[in-house]
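Worksheet: one structure, shown below.
Basis for what follows: all heavy atoms, side chains included, without hydrogens, waters or symmetry-related copies. All figures in this text were calculated on a predicted structure; none of them were measured in a lab.
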Amino acid sequence: MSYRYMRVLVFFDLPTLTAEDRKNYRDFRKNLLKNGFYMLQESVYCRMVLNQSAENNLRQALRKIKPKDGLVMVLSVTEKQFAKADILVGEKKTDILDTDDRITIL
């Protein structure tokens with residue numbers, strides 16, 4: 001199996017008008033974190049995957065946890081494409097480990 005690192009980005013806009021909507025929002029966000037995503041921006045989460053088949057499995061898992069209302073979008077890009085992203089305003093968080101290294105020594 002060859003490794004072609006990819007990033008899976010999840011963008012979502014969920015309603016928060018009722019108590020049930022807020023609960024669905026919290027549950028969806030918690031599920032993203034449980035599945036290894038980290039927050040890039042508010043309502044934009046990211047996760048690295050090893051290859052296309054891992055990306056397909058992750059998409060299926062996201063379909064199972066999506067809320068019934070609102071908008072959830074998934075975008076997959078290669079690691080090379082993701083590395084070309086520029087930060088125009090603000091600072092990059094350095095406390096998040098988002099590397100493709102297999103061993104991380106803290």
Working to the nearest 0.5 Å, report the span between [atom1] of [X] and [atom2] of [Y].
{"X": "Y25", "Y": "L17", "atom1": "OH", "atom2": "CG", "result": "13.5 Å"}
{"X": "E79", "Y": "R7", "atom1": "CD", "atom2": "CZ", "result": "4.0 Å"}
{"X": "F11", "Y": "Q41", "atom1": "CZ", "atom2": "CD", "result": "8.5 Å"}
{"X": "L32", "Y": "S43", "atom1": "CG", "atom2": "OG", "result": "10.0 Å"}

Mind running side-chain hydrogen bond (donor to acceptor under 3.5 Å, both in side chains) on S53 and N56 for me, showing each step along the way?
-> CA-CA 5 Å; S53 64; N56 289 335; over 6 Å; no
Decide yes or no for [X] and [Y]: does some side-chain heavy atom of the first lie under 4.5 Å from some side-chain heavy atom of the second?
{"X": "L40", "Y": "L9", "result": "yes"}
{"X": "L33", "Y": "Y38", "result": "no"}
{"X": "T78", "Y": "Y5", "result": "no"}

Side chains of residues 58-73: which donor-acceptor pairs under 3.5 Å do they make with residues two or more places apart or in other chains?
unit_1 : atom_1 : unit_2 : atom_2 : d
R59    : NE     : E55    : OE2    : 2.3
R59    : NH2    : E55    : OE2    : 3.2
R59    : NH2    : S76    : OG     : 3.2

CA sep, side-chain torsions, deciding dist, call: V8, V74, side-chain contact (heavy atoms from CB on, under 4.5 Å) = CA-CA 7 Å; V8 177; V74 180; 3.7 Å; yes
Minimal non-hydrogen separation, V49 against A54, with atom names =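 That would be CB-CB, 4.1 Å.
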Can you tell me which residue pairs pass the salt bridge (charged side-chain N to carboxylate O under 4.0 Å, His left out) test with a partner in residues 23-37, sequence neighbours excluded?
->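 Matches after skipping sequence neighbours: K23-D27.
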Could you list all the ring pair (Phe, Tyr, Trp, His ring centres under 6.0 Å) pairs where at least one residue sits in residues 42-76, not counting sequence neighbours?
->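 Residue pairs with at least one partner in residues 42-76: F12-Y45.
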